Every structure is written in structure tokens, then in C-alpha cells.
Number of protein chains: 2
Amino acid sequence: MSETECPSAKACTQSREGLASCEELAAIFRALGHPARLAIVKQLASQEEACCGEIVNHLPLAQSTVSQHLQVLKDAGLLTCDARGRNCHYLLNREKLQQAEHCSKEFWEHLNSLAATCSGASVAASDSD
Amino acid sequence: MSETECPSAKACTQSREGLASCEELAAIFRALGHPARLAIVKQLASQEEACCGEIVNHLPLAQSTVSQHLQVLKDAGLLTCDARGRNCHYLLNREKLQQAEHCSKEFWEHLNSLAATCSGASVAASDSD
DNA sequence: GTGTCTCATCGGTGATATGCGATGAATACC
DNA sequence: GGTATTCATCGCATATCACCGATGAGACAC
């Protein structure tokens, strides 16, 4: 039974900086972590741009709620707003989206590569640490 | 005047079901939408499995808080818990993670393909920024 | 000017998230 | 038996989210 005692009395190795490195990706995930916002992004991808009213009509939500979701996406940099007359046309920020996609991909690849690395020699690794 | 009036007086075309299709991916994004949880997932990828104490030592958070984050990830299906003695070993749910990665990839590809479809005609708009 | 349309923002409400310390159950060790 | 360790859970405080209706600003039509 003494075989798998965890060395848990160590000092904290990952402090605020450790978390900070995750913050950018986490912010993207958080912004996309709501069905309505995902739906908005998808809609904008499919029709290039849309005014707020159009987006509202595609969602079972009040205009004010949709406007707030749009604000969240805008704050995250995922879309931009182009005011024209009394309409406000929203469009995706391709640059930011590509960057987000890149971050996301990198994350998954990171997971996969680490998984591949250690699942081959998994058991040995745990006691060496 | 009539140039860019939005046809916004339409009925709502995307009701609850429309949102429902986004819910699965949104749930994954939401679970990963916190720096601490991202850090936990990364850590588990790098060392295959870890007990709660180890994870706590890698984060600038109290044990109870980390335990809650672990619960969130567990609820999302991203990791599993394997109780051994008084230790509880957490490990990533590879299957779910691959599924999540797939969903995520599909999402980005969907965006890109739609973007490619309609942005052929719209380059002028984007470079103004 | 008035009226209408579009949209952001305000204020309020209820739910959820985030964090902590305290506590208790289960296990391991003596 | 007693004690220590590990971890989940409870209780609480605070912050943020999600949603709505109401309101107001700006643009347009007349």
C-alpha cells in the first residue's frame, strides 16, 4: 500500500504565472462557452455579416440579451461592429478567430503529444516525480 | 435608404432547438473556460494521472477550490477519478477528450468553410480595419 | 418639426461561479 | 485503540452571468 503515496507536501510549483499562461485560451473558451454565443458566431460565419435585428430573429432571446452576448463576443475580440446608418453590422474578426483556432489547436495537440509521451511509459513516471 | 435595410421583422427562425445543437460544444468550452481548469487538464496530460494533493500543489488555490474545479471537469466528462486507498487519482478521459477535440475541430472547420464560401466577395470590407 | 426604427445601455432579478475555511468520512499508520 | 492524511462536501460571502423590460440616443422618413 505504500506504493502510491503522493508527494503532496511539496511547495506550490505553479503560481499565478502558471495560471496566467492559460488565461488567453480560457478567455476564448469562456466567450464561446454559451450556446447563444456559439450560434451567433456560426450565423455570422454563414452570412458574413448581420445586423443585430437579424441575429435577434435567429435566437429565442430578447434583443437586450442578444446585445449583451454580442458585447461579450466583441470584448473577446471575436467580432467587430460596423455602424451603418441606424443599423449596426456585426462581422467576425477573422484574424482573431484564426488566432483562437490556432491556440485551440495547439492546446489539443499539446494534450495529445503529452498523452502519447507518457501513456507509453506511464507507470514509471509517477514515482520518479 | 433602401440599400441596407435589414429584414428584421421576420419570425424567429432559430428556436430552442437551434441553440440545443450548440449546447454540447458550449458545455465543453465552458468547462475549459477557466485558467485553473485548463491548467489541471494540462497537468494531467503531462503526468498521466495525479492525486488531488498534487494538483493542489501546482495551483495557487485552496484544496476545496481545486476539488470543485475537479468536480466541474468530472461533470463535463473530461476526467475520471480512481480512488485508491486514501488517494484519489484523477486521469483524463481520453475518449471524451478526443470527442471534444473533434467537436472543436469541426466547429473551426465549419467556420472556415463558411467564411471561405462567402468572403470571396467581401474582402473589401475586412481590410478597412 | 414628429414619428419610426435600430440598437446600446440601465436597472432589477434570479441563478451560477468562484473562492475560502471548517468539517467529516475513509483510509493508512502506529 | 489513537492519530495523521487525503479528499469531498458544506456553509458562506462575493462576484459574475443571464435574462428581461424600459429607456434613450442616433439615424432615417415624412
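Every value quoted in this text rests on a predicted model; they were computed, and no experiment measured them. Chain letters run A, B, ... following the sequence lines, proteins first and then strands; every chain starts at 1. Side chains included, hydrogens not; waters and symmetry mates left out as well; all remaining heavy atoms used.
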For C:dA8, does OP1 or OP2 lie under 4.0 Å from any side-chain N or O of A:Q71?
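So the side chain of A:Q71 is outside the cut-off, no N or O lying under 4.0 Å from OP1 or OP2 of C:dA8.
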
Compare side-chain N and O positions of A:N87 against OP1 and OP2 of C:dC7 and report whether any pair is under 4.0 Å apart.
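Result: yes.
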
Closest to side chain of [X], choosing from [options]:
X     : options              : result
B:R86 : D:dC7, C:dC7, D:dT6  : D:dT6
B:S64 : C:dA22, C:dT9, C:dA8 : C:dA22
A:S67 : C:dC20, D:dC7, C:dA8 : C:dA8
A:Q63 : D:dA8, C:dA8, C:dG21 : C:dA8

Under the rule for side chain to side chain contact (heavy atoms under 4.5 Å, CB included), what residues qualify as partners of B:E101, not counting sequence neighbours?
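Side chain to side chain contact (heavy atoms under 4.5 Å, CB included) list for B:E101, sorted by chain: A:W108, A:N112, B:K105.
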
All salt bridge (charged side-chain N to carboxylate O under 4.0 Å, His left out) counterparts of B:D82, not counting sequence neighbours
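B:D82: salt bridge (charged side-chain N to carboxylate O under 4.0 Å, His left out) contacts with B:R84.
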
Looking at residues at least two apart in the chain, or sitting in another chain, which of them share a salt bridge (charged side-chain N to carboxylate O under 4.0 Å, His left out) with B:K74?
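Partners of B:K74 by the salt bridge (charged side-chain N to carboxylate O under 4.0 Å, His left out) criterion come out as none, since no residue qualifies.
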
Return all side-chain donor-acceptor pairs below 3.5 angstrom for residues 31-38 of chain B, not counting sequence neighbours, or 'none' if the list is empty.
unit_1, atom_1, unit_2, atom_2, d
B:H34, ND1, B:A36, N, 3.0
B:R37, NE, B:A31, O, 2.6
B:R37, NH1, B:H69, ND1, 3.1
B:R37, NH2, B:R30, O, 3.4

Return the value, rounded to whole Å, for the distance between atom [atom1] of [X] and atom [atom2] of [N].
X     : N      : atom1 : atom2 : value
B:D82 : C:dT27 : CG    : P     : 13 Å
A:D75 : D:dC17 : CG    : C1'   : 14 Å
A:L70 : D:dC17 : CG    : C1'   : 16 Å
B:E23 : D:dA18 : CD    : C1'   : 13 Å
B:H89 : C:dT27 : NE2   : P     : 14 Å
A:E54 : C:dT6  : CD    : P     : 11 Å
B:R84 : D:dC7  : CZ    : C1'   : 15 Å
A:I40 : D:dC19 : CD1   : C1'   : 13 Å

For the atom pair CG (A:L73) and CG (A:L78), what is the distance rounded to the nearest 0.5 Å?
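Reported value, rounded in 0.5 Å steps: 6.0 Å.
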
Can you give me the N/O atom pairs linking the protein to nucleotides 14-19 of chain C at distances under 3.5 Å, or say none if there are none?
unit_1, atom_1, unit_2, atom_2, d
C:dT18, OP2, B:R37, NH1, 2.9
C:dT18, OP2, B:R37, NH2, 3.4
C:dG19, OP2, B:H34, NE2, 3.4
C:dG19, OP2, B:H69, NE2, 2.7
C:dG19, N7, B:Q68, OE1, 3.3

Under the side chain to side chain donor-acceptor pair (under 3.5 Å) test, which residues partner A:Q99, sequence neighbours left out?
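Applying side chain to side chain donor-acceptor pair (under 3.5 Å) to A:Q99 gives A:E24.
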
Measure SG to SG for B:C81 and B:C88 and state whether it is below 2.5 Å.
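A disulfide is present here, as the SG pair of B:C81 and B:C88 is separated by less than 2.5 Å.
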
